[in-house]
Structures are given as structure tokens and as C-alpha cells.
Amino acid sequence: MTSVSMSTSGVSMDRVSMDRVSRDYVSPFDERVRVVEPLAPRPAGIAGRAVALIDIRKNRGSEFLDRIESQLAAAGAVTTRWVKEIFSKPAALALVDEIAGRADLVVEALAD
Amino acid sequence: MTSPHYGWPADGAAASAPRRAPALSVAGVEPAAGSLDNLTRRGAALLLFVSEECPTSAMALRNLGPLCHGWEAAGLTAAALFEDPLDVAIRVARRLGWTGLVLSQPPPYATSRAYGLDAVPTTVLVDRAGLIAGRVVGWDQPGIAALIEQAASALGAAGPAGSVRPGGNVEPVITLAAPPAAEPRYKPGCSSKSAIDPEIAAAISSQRADDEMEEMFERGWTDGLPVVPPTLERVEAMLGGADGSVSLGFVPPSMGEATLERVAACAVLAGCRPAYFPVVVAAARAVLDPAFNLHGQAVTTQPAGQLVVVNGPVRRAIGLNSGMGALGPGFRANLTIGRAVRLLVTLSGGAMPGGLDRATLGHMGKVGFCIAEDEETSPWEPLHVERGFEAGQSVVTVIGSDAPLNISDHRSRTPEDLAYILAWAAATSWSTNWWPLAEPSVFVICPEHAEMFRAAGWSKQRLREFMFGAVRRPAGELRRGETTPLVHAADPNAEVPKWASPDAIVLLVAGGEAGRYSAVLGPCTGMGSQIVSREVESG
């Protein structure tokens with residue numbers, strides 16, 4: 001099981017003092033250096049893996065996931081289904097944490 | 001393993017002799033970061049010379065950027081050397097996912113000259129001894145992969161300095177990931193700015209230095225139109241003594257912090273006068289309310305923009321136009337307040353069109369969209385009073401909104417006919433078959449149309465309910481193309497209204513005294529976006 005930790009915004013941030021980028025101007029940008037989280041190790045296979053299938057509530061996303069689920073099941077994966085509150089907002093951190101704690105892999109159906 | 005050498009050195013006789021890497025004359029966030037000793041202290045350095053304007057440089061930064069952390073752990077420090085100002089370099093590096101060091105060199109690009117650059121990107125491997133171990137010009141994935149392999153080989157022999165994993169285990173095996181080959185494997189670079197004739201380069205840089213407006217474009221501080229440079233003096237004047245460090249919250253989608261100073265910078269860029277700033281701040285507070293769901297609006301493929309409606313005494317105090325051409329150009333307060341809000345979203349929030357803003361078409365209201373209600377002409381209570389404020393309060397209301405659709409009606413002689421025409425104009429909002437709309441449609445009623453309702457004694461609520469009742473079609477006639485689950489589930493003969501309730505119809509009065517043209521602005525749908533109002537706090 002891969003454990004995943006996330007900061008509240010999903011990325012770690014270190015503030016760099018760049019608000020005043022020269023002695024003349026005030027920047028409209030929030031100049032913070034974002035540390036990109038490295039990709040998790042890729043699994044060798046999916047047989048026996050716990051796979052979370054997330055429906056973000058876009059039209060027909062569930063149909064797409066139905067097809068994916070049947071193929072994953074045929075390959076020996078153990079699937080669970082999850083639904084986001086609404087497609088146009090970031091997923092609740094509690095949902096992210098719960099999925100991270102219970103699944104090895106995630107498939108998200110993004111758009112219609 | 002043969003070192004990849006492409007186009008270096010100019011003196012072919014020295015091709016096999018390792019050459020000492022010239023010192024760097026660069027600026028970075030940390031002053032010491034740009035010394036070669038610092039860059040090679042962990043084992044070796046990979047210098048990537050790039051320029052903001054060069055698409056091949058962008059490709060190199062995008063492909064190599066995610067690998068820098070891993071390289072660093074294995075003893076190879078990667079640095080991008082931009083031929084651009086440092087703030088431009090940082091912004092570009094962040095946008096493209098470059099995770100190594102970011103360095104900047106000013107004109108006349110002495111470091112690029114010292115390295116004999118013809119083109120960017122150029123990738124240079126410098127070993128622990130400070131010698132140039134290899135060099136690749138342009139995007140050459142196999143060449144760069146070979147360079148990384150060469151570094152891995154050298155570092156493996158020497159061992160990386162300090163590659164101790166958490167928990168204290170020394171990791172003896174160095175793994176330096178090669179660049180991915182998903183994009184084209186080869187792509188020519190662009191001319192290095194150092195390769196331009198020094199006199200011409202000096203003239204260009206001099207011209208740029210003198211042209212603040214062009215500098216704003218270079219920095220990316222724009223929505224595509226010229227902006228007013230946000231000098232300290234202008235921003236301080238905009239703040240009017242307010243504490244610039246006060247935070248209004250975080251602007252989605254990138255969650256840049258909306259400090260008052262940053263909001264003021266956006267207001268200056270937009271061309272606001274300081275007198276407008278309290279309205280800009282109220283609008284910023286409103287769009288940042290989670291109920292407005294700016295996150296969804298900012299990144300959607302829909303065209304939606306953020307309509308800012310102003311009510312109350314502040315309209316007249318700062319010269320907001322609610323009369324002729326109320327939805328169009330000509331009035332600084334309207335145009336710049338709306339633009340300031342949009343610059344906050346696109347610059348501080350990172351929703352740049354074509355970047356995180358994924359709008360398929362967008363609309364011109366996304367440059368900025370601020371209107372004022374003509375409360376004096378309106379026969380009805382103004383929007384802010386409907387929303388629970390006192391008439392004497394100045395209030396900003398924000399609504400996720402599509403572009404205006406003109407509604408011409410010069411023939412109706414009864415309020416019923418006119419209400420029918422107004423309402424049915426909105427039948428095509430979103431889609432001819434997308435019924436009902438849950439989110440608000442905004443009708444801007446022109447004074448002549450408003451007068452007909454006044455003369456007939458129609459209240460706002462009566463008009464709203466009439467319009468809601470007028471626009472209905474049998475579900476069976478709406479089942480073509482894009483429609484709603486409700487239409488599919490309904491009996492084919494069941495009448496479906498255009499709106500989910502009369503409350504989804506917002507009525508404002510504005511426009512010139514002559515002409516019977518009203519307008520409807522369709523909604524931003526599917527976002528759960530609610531209308532949000534905030535009082536304008538006097539300075």
C-alpha cells in the first residue's frame with residue numbers, strides 16, 4: 001500500500017520573496033516555488049491491486065468507468081467506486097485521504 | 001561512451017581536450033546559487049541555456065524539469081540559465097514544471113557568449129573538476145540521454161556526495177533518469193540572444209528597458225491588452241493607506257494569495273483610479289466566496305465570465321455608467337473595475353486563457369465585465385435591495401455569466417407581449433434544448449422597456465413569474481441533442497420550463513433612454529455557482 005500525504009492545496013509550497021520583483025514594480029503574481037510531488041512508483045501489474053474508480057459527476061463518466069471496471073476486474077483487480085461532490089470543485093481532502101488509504105491505484109473519469 | 005559534442009567548440013582542434021567551464025555571470029533567487037563551485041559541489045552540473053520566447057526551450061524545460069529532483073539526489077545539479085529577467089525566468093520555469101535551479105543573465109548575455117552559444121536550448125554537462133564534459137544543442141533527446149548517461153557513469157565512479165536516504169541508509173546506486181521521448185526526439189533551437197550582434201542586442205535591450213509597456217508584456221502581466229505598470233507609487237496610491245499585507249483569501253485555480261497589495265497591483269494594471277479600489281476589493285471578496293465557485297468558472301471550457309454589478313451611491317461617486325452603452329465601451333470605471341477582477345483571476349489566480357483557463361471560445365466579457373444598475377430610472381427595487389441590503393448601501397454583486405444576447409422589441413404594446421418576447425429570447429440560452437436552467441439568467445432591461453412595465457404597474461416579481469410561466473415546451477420536443485436528465489425522465493407531454501424557478505431570472509435596468517433593446521446574459525451552468533454580494537467598504 002502506498003501512503004499518500006498531501007498538503008491542503010495538494011502541493012508543497014515554499015514562499016520566495018518575489019512579491020516585489022524589482023524596486024519599481026509590485027507583481028500581480030503570487031511568486032511561490034511549487035515543489036512538484038514525484039510520481040508514485042508504477043506497479044508491475046494490477047492483479048490483486050485495489051483500484052479506486054472515481055466518478056467526478058461529469059455526464060456519462062459512470063458509463064466510462066463501468067467499462068474500465070469490467071476490464072480491470074477481468075485482469076484481477078479489486079475495484080471500488082467513488083463519487084466526487086461536483087465536477088467543478090476540487091475533491092474534498094477527506095475523500096482524497098480515504099481513497100489514498102484504501103486503494104493502490106486510482107482511475108478518474110474526467111470529462112464528458 | 002563518447003561525449004556528445006555538437007557545434008562545440010568552434011575551434012575544432014580542441015575537440016578532444018576537456019575545456020574549463022567559464023564562470024557564470026548570472027542572478028538567482030539565492031545569490032550563491034549561480035556559482036559553478038556551488039553547482040558542481042554534489043558531483044556535476046547540467047546547465048540548460050534557455051530563452052522564454054523559444055518553443056524548443058520550453059520543450060526542454062517541460063521534459064527535463066520533472067527529473068531535476070532525482071538528478072539532484074544522485075549528485076547532478078540542474079540549472080536553467082535564462083536569457084530573460086529573473087522574474088520572467090521564475091514564472092516560465094514554474095509554468096513548465098522545471099524543478100531545478102533558475103538563473104537569469106542580463107544583456108549582453110555574457111555567460112552565453114562565454115560558452116559560445118549559437119542557439120537555445122543548449123545543454124552543457126560540467127564535471128566535478130569544472131570541466132565541460134559534454135554539450136548538446138537544441139532538443140536532441142538521444143543526445144541529452146547520452147549526456148545523462150555520461151554523468152551517471154562519472155558520478156557512479158566517484159559516488160554522489162551526501163546521497164543518504166531518510167533513515168540513514170547510504171544509497172550507492174545512482175539512477176539518473178533519461179529524458180522522456182514522448183515528444184519529437186529532435187527539434188532545432190532558436191538563436192541565442194548572445195548570438196545577435198552586440199550593438200543590435202544593446203539597442204534592442206535599451207529599447208526594451210525604455211519601454212515599460214512592452215516590459216509588462218514580457219513579464220506576462222497582461223490580459224493581452226496594454227496595462228498600466230504597477231509601480232510602487234501607483235500601488236501605494238491605490239491602497240490609499242490600507243495595509244497591503246491583509247489577505248482576502250486565495251484565488252483559484254492556482255491559489256495565489258489575494259493580498260490587498262496584489263489586488264491593488266491588478267487594479268493599477270487594469271487602469272483603475274484609486275477611487276475605484278473599494279469597489280474592486282468588494283468584487284474580489286465576492287468572487288472569492290466559495291459559494292461563487294470561482295474555481296469551476298476559472299477553468300471551465302464554458303465561456304463564462306464574472307459579471308460585476310454595482311448598486312448604490314458609489315455608482316455616481318466614481319462615474320460608473322448605467323446609461324447609454326451600459327454594456328459596452330467608453331467608461332473607465334466600468335471597464336477597469338471589471339478588468340481588475342479578471343486580472344486577479346488570470347494573474348494572481350493563474351487562470352490564463354489557454355493555460356488553466358480552458359474556455360473553448362470565451363467571450364469579450366472575460367476581459368472585464370462591470371455594469372451599474374440605473375436605479376433612478378428603474379421602476380423596481382434595485383438588485384442589492386432585493387438581496388437584503390439597504391438602498392443607501394453601496395454593494396457589488398457577482399454572477400457567473402455568459403455573453404449578452406440582444407433582444408429587440410419595438411412593437412409590443414402590452415406588458416404581456418413584451419415579457420413574452422424578453423423571456424423567449426432566452427430560450428436558446430446554453431442550448432435550445434437545455435431546459436431547465438438552474439443558474440441565473442440576467443436580463444438587462446432598457447429604460448423604454450422598463451417604462452412599459454412601470455406604466456402597467458407590473459412589479460419585478462410579477463414580471464419574473466410571467467416570464468417563468470411563459471417559456472415552456474413539452475419534454476418530448478426537447479429530446480434532441482444536448483438536453484437534461486429531467487427532460488429524459490419526464491413524460492413526453494409534460495411541460496418543462498426554461499428555468500428551474502422564477503428566482504433564476506435576474507432583472508436589472510440599464511441603458512440609454514432611447515431604443516428598445518434589452519439583453520439577456522445566459523448563465524454559467526453545472527457549477528453550483530451562486531450569486532454573491534458584498535458591501536463596498538469606504539476607504
Side-chain angles (χ1 to χ4, degrees), chain A residues 2-42 55-64 83-96 108-112, chain B residues 29 65-66 69-70 85-88 90-91 93-94 97 99 102 212 215-216 219-221 229-236 244 250-259 261-266 268-269 290 293 295-297 299-301 343-344 346-350 482 485 526-529:
Chain A
T2 304
S3 73
V4 177
S5 65
M6 295 185 72
S7 65
T8 52
S9 60
V11 292
S12 307
M13 291 186 182
D14 297 307
R15 181 178 291 278
V16 175
S17 180
M18 286 297 295
D19 283 0
R20 301 197 173 197
V21 293
S22 74
R23 68 187 169 79
D24 293 321
Y25 300 124
V26 177
S27 172
F29 290 122
D30 188 349
E31 303 285 2
R32 290 179 288 184
V33 175
R34 290 178 175 242
V35 178
V36 177
E37 299 284 347
L39 286 173
R42 308 290 92 175
D55 177 0
I56 68 165
R57 291 189 190 270
K58 261 284 187 180
N59 290 336
R60 305 188 65 189
S62 61
E63 292 176 43
F64 172 74
V83 180
K84 218 172 88 167
E85 177 198 358
I86 185 171
F87 64 84
S88 59
K89 295 179 182 177
L93 284 177
L95 178 66
V96 173
E108 193 172 43
L110 286 180
D112 47 358
Chain B
V29 174
H69 279 314
L86 182 58
D87 62 303
V88 172
I90 290 172
R91 175 172 55 80
R94 184 178 66 180
T99 58
V102 177
E212 275 191 316
E215 187 182 352
M216 296 297 104
R219 290 171 181 269
W221 295 359
T231 59
L232 291 178
E233 294 76 14
R234 288 182 177 128
V235 170
E236 282 168 10
F250 293 87
V251 190
S254 292
M255 308 311 285
E257 189 169 14
T259 60
E261 184 183 59
R262 201 165 283 132
V263 176
C266 290
V268 171
L269 286 162
N293 192 7
H295 184 101
Q297 293 186 37
V299 301
T300 181
T301 47
L343 287 171
L344 183 71
T346 55
L347 303 183
S348 308
E482 179 166 285
M527 304 280 170
S529 294

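Quick note on labels: first sequence line is chain A, next is B, and so on, each numbered from 1. Hydrogens, waters and symmetry mates are skipped; everything else that's a heavy atom, side chains included, is used.
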Name the region of B/Thr231, side chain, backbone, both or neither, that has any atom closer than 4.5 Å to a heavy atom of chain A.
both
When rounded to the nearest 0.5 Å, the distance separating CG of A/Asp24 from CZ of B/Arg234 is 10.5 Å
Scanning both residues in full, the closest heavy-atom pair of B/His295 with A/Lys89 reads CD2-CA, 4.5 Å
Heavy-atom donor-acceptor pair, B/Ser348 side chain to A/Pro28 backbone, under 3.5 Å:
yes
Max heavy-atom pair count under 4.5 Å with chain A, selected residue of B/Val235, B/Thr301, B/Leu343
B/Val235
Of all heavy-atom pairs between B/Glu261 and A/Val26, which one has the smallest distance, and what is that distance?
CG-CG1, 3.6 Å
Counting only non-hydrogen atoms closer than 4.5 Å, does B/Leu347 touch chain A with its backbone (N, CA, C, O), its side chain (CB onward), both, or neither?
both
Side-chain touch A/Phe29/B/Arg219, heavy atoms, less than 4.5 angstrom:
no
For chain A, the option from B/Pro485, B/Ala265, B/Pro230 that forms the most heavy-atom pairs under 4.5 Å:
B/Pro230
Residue pair B/Met527 / A/Ser88: nearest heavy atoms and the distance that separates them:
SD-CB, 3.1 Å
